[in-house]
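Before any comments, here is the structure.
Each residue takes its place number in the sequence, starting with 1.
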Amino acid sequence: MSVSRSFRWLLLLVMPLAAQAQAPTAPIVIETAHVSLVLAVGNQQKLFQTYLGPKLASPADYPALPQRHEAYVPAGTSNLFEPALRVVHADGNPSLALAFAGVETGSSGDDVRTTTIRLRDPQYPVEVRLHFVAYQREDVLKTWTEIVHHEKKPVVLTNYASAMLHFDAQHYYLTQLHGDWAEEAQQQESALTSGLKIIDSKLGTRAGWYQTPSFFLAPDRPATETTGDVLAGTLAWTGNFRLAFELDNEQSLRVSAGINPYASEYTLPAGQSFTTPEFIFTYSTQGKGQASRNLHRWARQQGGTLDGTQPRLTLLNNWEATYFDFNEPKLDGLMADAARLGVDLFLLDDGWFGNKYPRKDDTQGLGDWQPTKSKLPNGVGHLVQTATKEGIRFGIWIEPEMVNPKSELYEKHPSWVLKLPNRPEDYYRNQLVLDLTNPQVQDFVYGIVDAQLSQGAAYLKWDCNRMITNAYSQHLGKDQSHLYVDYVRGLYRVLDRVRQKYPHVPMMLCSGGGARADYGGLKYFTEFWPSDDTDALERVYIQWGFLNFFPSNTLASHVTKWNKGQSLKFRTDVAMMGKLGYDIEVDKMTPAEFQFSQQAVKDYKRLSPVIWQGDLYKLRSPYESNQAALLYVADKQDKAVVFGYNLRTRFHETVLPVKLRGLDPARRYRLTEINLMPGQKSELAANGQTYSGDYLQKVGVVLSDPEAKSLTSHVLEVTAE
């Protein structure tokens with residue numbers, strides 16, 4: 001006779017806990033080539049984190065590690081600080097106890113190892129599964145949590161962290177990225193003090209607008225690029241997030257990361273699981289630079305970003321050339337310009353859609369994704385054909401999650417919009433947010449994407465200019481506290497469908513700039529737009545910040561006309577540190593500027609394998625002087641590219657040689673300056689010279705102009721002889 005699921009749970013409740021799951025005789029070790037996370041079962045079958053740091057030389061030492069910190073701390077019993085998980089049971093009991101119930105391990109090839117630890121409440125049929133994936137070569141770990149129960153009625157989750165990590169040190173130093181529109185990813189470091197430090201977002205859609213879900217944490221002393229212990233962590237979630245750092249009365253630090261539970265109590269029916277987003281982290285003993293390189297390799301090699309090892313497309317965007325004012329002949333001419341410039345693709349930005357309410361500015365038409373007949377009488381198909389004739393590809397901008405009230409979509413489907421009952425509508429950028437918790441809206445958004453890709457668009461720029469206010473879903477009814485979570489899940493369902501049909505079409509993730517820079521979104525996208533601010537001076541700081549956590553081939557970096565006081569060379573050199581593109585009026589370039597740009601595109605394509613796939617070394621920080629320098633080194637150490645920027649050094653400001661890193665000390669390298677204007681000769685003493693890798697790493701070369709009164713820059717190609 002079969003035993004019902006509920007009866008099996010009843011048997012577990014009356015059995016002695018020791019009979020349910022014996023503690024393993026050895027610690028649970030989750031490790032990579034150089035990093036170990038060690039867990040152990042202790043008193044009352046609780047799971048403890050006993051170690052997180054560099055891999056110990058002898059596994060025999062792991063059992064001796066002290067059991068100080070419960071690994072994933074529930075609320076309501078003996079816990080006095082921030083919990084990882086809080087559950088209110090069907091009978092109203094707001095407590096949870098978690099005891100070890102089993103562990104399973106597995107592997108995928110030589111590089112990836114998986115561990116799942118099951119924890120169970122001894123009194124209630126609630127199980128928590130802690131999932132870990134260890135990437136051996138990349139020294140990266142990924143973790144998430146799954147919660148499931150079999151109570152007779154739903155339970156309510158009020159906290160549900162993806163991960164909780166524990167540290168013991170005398171001091172802790174946190175580096176975070178913060179900002180606003182046009183000043184994203186500003187780097188800031190501070191010492192943690194007693195109490196709770198929270199970095200979070202409550203914006204819903206443009207979740208990373210003010211804060212980003214990524215951080216460095218250095219125990220004992222601040223880490224530099226090259227020295228010190230540091231943990232780098234980032235949450236893969238394109239919605240409200242919460243990073244909590246709590247320093248307790250004994251100087252222990254508890255770090256939790258996950259979805260922000262703000263306004264998001266989640267009612268979980270019996271038998272259904274709640275799965276949190278992934279938290280990705282690495283631990284370095286050689287400073288922030290090594291932690292960044294670990295994450296970059298993981299993102300490229302292990303699916304953190306779509307097609308991370310494949311080539312990217314250079315492009316010309318029309319936005320700053322035309323804004324909303326264009327027609328078919330104008331676009332045909334711009335595509336011819338793109339082909340002459342030598343880029344791979346032409347990207348048509350905002351303003352191409354709407355007929356009852358033509359998109360002539362940002363006040364109308366959003367949501368009506370039919371080409372405007374007065375602008376594009378032959379539709380998007382004609383533009384695809386023109387691009388093909390020019391030998392390039394065609395891409396297009398969409399903002400499918402938003403709607404203007406002045407649109408046919410809003411008139412036909414007012415219930416598809418997030419808006420509060422009995423309150424006036426709240427507009428931002430003349431927009432409202434579509435309700436992606438609603439399957440009908442998900443189908444509509446998927447249809448927008450499918451319509452463009454099915455008629456030949458080879459690239460999409462997916463924008464999101466609106467945070468969530470009016471936070472009420474007619475579809476959800478009484479479950480309004482599910483809105484922020486289910487919106488992101490609805491977005492991911494759409495993107496899953498897109499990738500099932502179009503697995504490799506490149507797409508840019510944009511959110512009025514860099515407000516969606518996270519690995520939850522990037523597994524569907526090839527790149528993201530770091531900022532609407534393309535002033536090259538500001539972009540040095542913005543791109544520097546994002547490069548801490550994301551590889552260069554994910555940072556869309558365009559040459560534009562922002563700040564015409566900057567030379568075209570400086571703007572190009574800054575854009576080349578990421579994924580190069582153009583948003584500029586090519587036909588207004590001088591012959592010398594056009595010749596320079598054509599050559600820059602050719603050189604970039606030639607060197608892009610090093611820039612996109614090479615190891616990044618940050619050599620001189622713009623936060624420490626009015627200079628910046630960074631270097632990409634190919635895996636075989638036979639090629640490198642150096643970028644040096646003078647950010648208006650002050651009178652008598654010291655300009656020292658920059659010591660290169662990552663090269664083979666025994667090899668000799670020739671340095672050649674590229675990106676020179678026609679007729680310009682290099683002023684760098686190192687140009688054309690050959691040095692040993694040992695010399696370049698110990699002595700270095702000058703990459704900045706000591707007497708420059710304006711922004712200047714240099715790009716050096718480094719080739720092993």
Handout entry: side chain to side chain donor-acceptor pair (under 3.5 Å) evaluation trace for E189 with T175
Key = CA-CA 4 Å; E189 185 170 63; T175 303; 3.1 Å; yes
Fill in the blank from the handout: Interatomic distance, CD1@I468 vs NZ@K202, rounded to 0.5 Å, equals 14.5 Å
Handout entry: Exam field: side chain N240 to backbone G204, donor-acceptor pair closer than 3.5 Å
Key = yes
Handout entry: Check: N553 side chain, G308 main-chain N or O, donor-acceptor pair, under 3.5 Å
Key = yes
Practice task
Using the side-chain contact (heavy atoms from CB on, under 4.5 Å) rule, take N548 and Q187 through it: C-alpha gap first, then chi angles, then the decisive distance, then the call.
Solution key: CA-CA 10 Å; N548 284 313; Q187 192 168 305; 2.9 Å; yes
Problem - Residue pair C510 / W462, side-chain heavy-atom distance below 4.5 Å - result: no
Exercise for the section: Mind checking the OG-CG spacing from S36 to L56? Nearest 0.5 Å is all I need. Expected result: 6.0 Å
Practice task
Could you check whether the rings of Y135 and W298 sit parallel, tilted or perpendicular, using 30° and 60° as the cut-offs?
Solution key: perpendicular
Completion exercise
Smallest heavy-atom separation, A517 atom then P213 atom, equals O-CD, 4.3 Å
Fill in the blank from the handout: S201 and N260 have their tightest heavy-atom pair at O-ND2, 3.0 Å
Exercise for the section: Using only heavy-atom distances, determine whether the side chains of Q301 and E138 contain a donor-acceptor pair under 3.5 Å. Expected result: no
Handout entry: G521 backbone acceptor or donor facing T238 side chain under 3.5 Å
Key = yes
Problem - Nearest-0.5 Å distance, CG of residue D533 to CD1 of residue I542 - result: 4.5 Å
Handout entry: Between H34 and D139, a side-chain donor and acceptor under 3.5 Å
Key = yes
Practice task
Answer yes or no: is there a donor N or O on one side and an acceptor on the other, between the side chain of R118 and the main chain of V103, under 3.5 Å?
Solution key: no
Handout entry: Test side-chain contact (heavy atoms from CB on, under 4.5 Å) applied to V38 and T50, step by step
Key = CA-CA 6 Å; V38 184; T50 60; 3.3 Å; yes
Handout entry: Among F81, Y172, F215, F216, ring-ring contact (aromatic ring centres under 6.0 Å, His included) partner for F245
Key = F215
Problem - From OG1 (T305) to CG (L522), nearest 0.5 Å - result: 4.5 Å
Problem - Within 45° cone and under 6.0 Å: K579 NZ/CZ vs W612 ring - result: no
Problem - Closest approach of I30 to A134 (non-hydrogen atoms, all atoms of both residues) - result: CG2-CB, 4.2 Å
Exercise for the section: Could you tell me whether the side chain of H296 and the main chain of F550 form a donor-acceptor pair under 3.5 Å? Expected result: yes
Exercise for the section: Check whether any side-chain heavy atom of R86 lies under 4.5 Å from a side-chain heavy atom of Y160, and answer yes or no. Expected result: no
Handout entry: Pairwise side-chain contact, Q290 with T285, heavy-atom cut-off 4.5 Å (strictly under)
Key = no
Handout entry: Min side-chain heavy-atom separation V718-V642 under 4.5 Å
Key = yes
Problem - Check: S256 main-chain N/O paired with E82 side-chain donor or acceptor under 3.5 Å - result: no
Handout entry: Gap between atom NZ of K618 and atom CG of L630 - 0.5 Å precision
Key = 8.0 Å
Practice task
Take D615 and Y632, measure what side chain to side chain donor-acceptor pair (under 3.5 Å) needs, and give me the verdict at the end.
Solution key: CA-CA 5 Å; D615 279 338; Y632 294 101; over 6 Å; no
Practice task
Would you indicate whether the side-chain heavy atoms of L306 and M507 approach each other to under 4.5 Å?
Solution key: no
Handout entry: Test item: R297 and R137 side chains (from C-beta on) under 4.5 Å apart, heavy atoms
Key = no
Problem - Minimum-distance pair of heavy atoms, taken over all atoms of S284 and A291 - result: CB-N, 3.8 Å
Handout entry: Nearest-0.5 Å distance that lies between atom CG in L165 and atom CZ in F281
Key = 5.0 Å
Handout entry: Distance-only side-chain donor-acceptor flag, Q613 / D635, under 3.5 Å
Key = no
Exercise for the section: Kindly say whether E184 contributes a backbone atom to a donor-acceptor pair with the side chain of S531 at under 3.5 angstrom? Expected result: no
Exercise for the section: Determine, step by step, whether H149 and E127 satisfy the side chain to side chain donor-acceptor pair (under 3.5 Å) criterion, reporting the C-alpha distance in whole Å, the side-chain angles of both residues, the deciding distance to 0.1 Å, and the verdict. Expected result: CA-CA 6 Å; H149 78 96; E127 184 171 285; over 6 Å; no
Problem - Within the 6.0 Å centroid threshold, strictly below: F48 and H69 - result: no
Exercise for the section: Go through the steps for R113 and E31 under the test salt bridge (charged side-chain N to carboxylate O under 4.0 Å, His left out), then give the verdict. Expected result: CA-CA 9 Å; R113 297 172 189 169; E31 62 186 3; 5.4 Å; no
Practice task
Kindly confirm or rule out a cation-pi arrangement of R489 over Y266, judged by NZ or CZ under 6.0 Å from the six-membered ring centre and within 45° of its axis?
Solution key: yes
Fill in the blank from the handout: What one should report as the nearest heavy-atom pair of S557 and R539 is CA-NH1, 3.7 Å
Practice task
Check whether any side-chain N or O of T224 sits under 3.5 Å from a backbone N or O of T227 as a donor-acceptor pair, and report yes or no.
Solution key: yes
Handout entry: T282 backbone acceptor or donor facing N294 side chain under 3.5 Å
Key = no
Problem - S608 side chain to I611 backbone, donor-acceptor under 3.5 Å - result: no
Completion exercise
Looking only at heavy atoms, the pair that brings H166 and V73 closest together is CE1-CG2, 4.3 Å
Problem - Verdict with reasoning, S252 to D168, per side chain to side chain donor-acceptor pair (under 3.5 Å) - result: CA-CA 5 Å; S252 293; D168 289 296; 2.5 Å; yes
Exercise for the section: For the residue pair Q251 and Q170, confirm or rule out a side-chain donor-acceptor distance under 3.5 Å. Expected result: no
Exercise for the section: Apply the test side-chain contact (heavy atoms from CB on, under 4.5 Å) to residues D518 and L235: give CA-CA distance (whole Å), side-chain angles for both, the deciding distance (0.1 Å), then the verdict. Expected result: CA-CA 7 Å; D518 67 86; L235 185 71; over 6 Å; no
Practice task
Test R312 against T526 for side-chain contact (heavy atoms from CB on, under 4.5 Å), laying out the working first.
Solution key: CA-CA 8 Å; R312 302 298 201 230; T526 49; 3.8 Å; yes
Practice task
Give the ring-plane orientation class for Y492 versus W237, where under 30° counts as parallel, over 60° as perpendicular and anything between as tilted.
Solution key: perpendicular
Handout entry: Cation-aromatic face contact R620/Y645, 6.0 Å, 45 degrees
Key = no
